[in-house]
Amino acid sequence: MRYSQYFVPTVKETPSDAEVISHQLMLRAGMIRKLAAGIYNYLPLGLRSIRKVEAIVREEMNRAGAIEILMPSVQPAELWQESKRWEKYGKELLRFKDRKDAEFCLGPTHEEVVTDIVRREVKSYRQMPLNLYQIQTKFRDEIRPRFGLMRGREFIMKDAYSFDVDSSAADSSYDRMYQAYRRIFQRCGLNFRAVEADTGSIGGAFSHEFMVLADSGEDAIVSCSTCEYAANVEKAEARPVAPEHAEPRSLERVETPQKRSVEEVTAFLGIPASSLIKTLLVVADGEPLAVLVRGDHDLNEIKLAKVLGCEALEMASEEIVEKVTGAPVGFAGPVGLKVRIVADLATQGMRNFVTGANARDLHYKNVNFDRDFAPERFADIRNVVHGDPCPRCPAGHLELWRGIEVGHVFKLGTKYSEALRATYLDAEGKEQTIFMGCYGIGIGRTVAACIEQNHDADGIVFPIPIAPFHCIVSAVNAKDASVMTAAEGLYRTLTDAGVEVLFDDRDERPGSKFKDADLIGIPLRLVVGSKNLAEGKVELKIRKSGEVSLLPLDEAVEQVKSLVAAALNQ
RNA sequence: CGGGGCGUAGCGCAGCCUGGUAGCGCACCUGCUUCGGGAGCAGGGGGUCGGAGGUUCAAAUCCUCUCGCCCCGACCA
């Protein structure tokens, strides 16, 4: 591709509305442009990288035995009503009506549609296992789209759905996808972790998320320092803490004027936050209840909702707190409370702790379980913290990371096949419910995550497998005929050899060409200048390392070819 | 949904408080010089100041409404 005839609108200044580095660089490198909040145009360079990721995904999905189809974005309400998600999905589901007033939505995911296909066409155990996938535009009307392609409302996703005769066959399908995902993200050159994850609104039995490690990531994940355990903090299990052995002292009410927060109270009393139990009031399916967590720990609402088995869980409003505790917010405590109490495991062994006293400006010291109050149950309902013991091995401790979720695999079980009555006849002629799994990859997000992980002060540093071009040939002086002839020759030779070359034939000053080349992140750069060319040489610069070598033309060609081949065949 | 901020030329911004009919840098066009890390000089084009309404002799500027965009929050005892 000749740069002068291509479309790469780079910009020097960082657009003011871009916050994270990948968003800024994708805008500056002319890869994307915003059309509306969370909705983007893909310009040529951006599209090329996206196509690269898609190609890798396609290869690995096909290798794993999945079969490509393409389903519509526009989906009839009836299917969603059948799965009950028309009501449950909420405002993220973009709904609209056609001219006949029939209701439709733009698909945020395709469980309903794919299950509809399968229930019509799959009748026998002989037709499974079956895994159907597509690469397609999804629409989710996110509360707050942000960070460019990282969290858009319209985005490209690969979604796959597996159909199996029973649970253990479904496990094999799940495992094949899991392994395929590992290969995909390895081939994309990403530093990632596969972590145990909560199943969220999709539902199902268990799942893993594929997280690209990056400080700007929206998710917190943990991994064990010694074993293979890794999980999203939403899901990560906490081990019980060894009990203290202090003798119970007598309960004491202390004045804590204006001290509401954990920090204020513990500082005022001169105790560590771990000696205090905070009492959080929540409303679960309409019922107010109290939740106890150690002062230095945070409540994990997802775990709590699971423990309570409730549908809706929210923090209680100020009014409810005051009504339940009889005190202003900041002084809630478990002693004398009339609502159900659930306590975190880590509080179980605590003795002589501090709590609120359900009265303005008062706390209790030396509170003890059983003597002063008794929670209905102890359960793991907190977020793990850095340094917590690993739940799976005796020696390890948990390390905390930030991650960008680029892929997610779910074992769904029969949630959708039951709702939509997708069944088959087994070898005995008996009707059985199909077992499903679903598997997603955010294509655009993968490109963005890659940039988060691969950039420097000058711009993007693409790994070869998903770079829009492998190599850029920069003709330093476009007016010098010998330079242009040589550069043109390199461009043709490399292109004929299957290397994707962007030929910067623009009549620009060298500085601008170098800046642009760095910004758009092409991994390899051949610089053709009159001085070196007089000696029959060109310069090869590696974007990532900055390494420069002066080579005769034919050697430069061989170098580029072998570097590209090595990167693509790993 | 709550809180905060911003909409002025393609991009980044000033002007607004204290009304008087729009400016800077980059980009773009022309010419000359320059040419290995975002050149210099000279000339030039481009904006119904997000939109609607109001106040006023006069509105980018003041008031009201509205639309769009960005950030934070929606874990707090």
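Every chain is numbered from 1 and lettered A, B, ... according to where its sequence line falls, protein lines coming before strand lines.
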Within the structure shown, what part of the strands sits under 4.0 Å from A/Lys12 by heavy-atom distance: base, sugar-phosphate, or nothing? base
Whether A/Asp380 side chain and A/Ala238 backbone form a donor-acceptor pair below 3.5 Å: yes
Do the charged groups of A/Lys235 and A/Glu209 touch, with an N to O distance under 4.0 Å? no
Cationic N near anionic O, under 4.0 Å, A/Asp388 to A/Arg239: no
Give A/Asp298 one of three labels, base, sugar-phosphate or nothing, depending on what nucleic acid heavy atoms sit under 4.0 Å from its own. base
How far does the C1' atom of B/U8 sit from the matching atom of B/C16, given to the nearest Å? 11 Å
For the residue pair A/Phe373 and A/Phe353, categorise the inter-ring angle as parallel (less than 30°), tilted (30 to 60°) or perpendicular (more than 60°). perpendicular
Does OP1 or OP2 of B/C13 have a side-chain N or O of A/Ser16 closer than 4.0 Å? yes
Classify the nucleic acid contact of A/Lys531 as base, sugar-phosphate or nothing, counting any heavy atom under 4.0 Å across all strands shown. nothing
With the side chain of A/Lys34 defined as its heavy atoms from C-beta on, choose the nearest nucleotide among B/G38, B/C71, B/C70. B/C70
Return the nearest nucleotide to the side chain of A/Pro510; candidates are B/C35, B/C11, B/C72. B/C35
Go through B/G36, B/C71, B/A77 for me and flag the one nearest to the A/Val321 side chain. B/A77
Between the base of B/G38 and the side chain of A/Asp516, is one N or O donor paired with an acceptor at under 3.5 angstrom? yes
With hydrogens left out and only the distance checked, is there a donor-acceptor pair under 3.5 Å joining A/Glu508's side chain and the base of B/G38? no
Using a 4.0 Å heavy-atom cut-off, does A/Gly529 contact any base of the nucleic acid, only the sugar-phosphate backbone, or nothing at all? base
Touch class at under 4.0 angstrom, heavy-atom based, for A/Val265 against every strand present: nothing
For A/Ser261, report the nucleic acid contact type (base, sugar-phosphate, nothing); a contact means any heavy atom under 4.0 Å. sugar-phosphate
Polar pair under 3.5 Å, donor/acceptor by atom type, side chain A/Asn477, base B/G36: no
Ignoring backbone atoms, establish whether A/Lys278 has a side-chain N or O less than 4.0 Å from OP1 or OP2 of B/A77. yes
Assert: residue with more 5' nearest nucleotide on RNA chain B, out of A/Glu301 and A/Ser530, is A/Ser530
What's A/Asn300 touching, base or sugar-phosphate or nothing? Going by heavy atoms closer than 4.0 Å. nothing
Quick one: do A/Arg340 and A/Glu376 make a salt bridge, cutoff under 4.0 Å? yes
Examine A/Arg48 relative to A/Phe469 and say whether NZ or CZ is less than 6.0 Å from the centre of the six-membered ring and inside a 45° cone about the ring axis. yes
B/C24 to B/G43 separation - P atoms, rounded to the nearest Å: 13 Å
Taking atom types as they are modelled, would you say the side chain of A/Lys541 forms a donor-acceptor pair with the base of B/G37 within the 3.5 Å cutoff? yes
Nearest-nucleotide check on RNA chain B, A/Gly38 vs A/Ile143; residue mapping nearer the 5' end is A/Gly38
Selected nucleotide, minimal atom distance to A/Leu281 side chain, candidates B/A77, B/G38, B/C35: B/A77
Would you classify A/Arg28 as touching base, sugar-phosphate or nothing, given that sugar-phosphate means primed atoms plus P, OP1 and OP2, and contacts are heavy atoms under 4.0 Å? base
N/O donor-acceptor pair, side chain A/Arg525 with base B/G36, under 3.5 angstrom: no
Check the phosphate of B/C71 against A/Arg146, side-chain N and O only, distance under 4.0 Å to OP1 or OP2. Yes or no? no
Pairing check on B/G38: which nucleotide meets the Watson-Crick or G-U wobble criteria with it, both distances under 3.5 Å? none
If you check the A/Glu19 side chain, which of B/A77, B/C71, B/G38 turns out closest? B/C71
Check whether any side-chain nitrogen or oxygen of A/Arg509 sits under 4.0 Å from OP1 or OP2 of B/G38, and answer yes or no. no
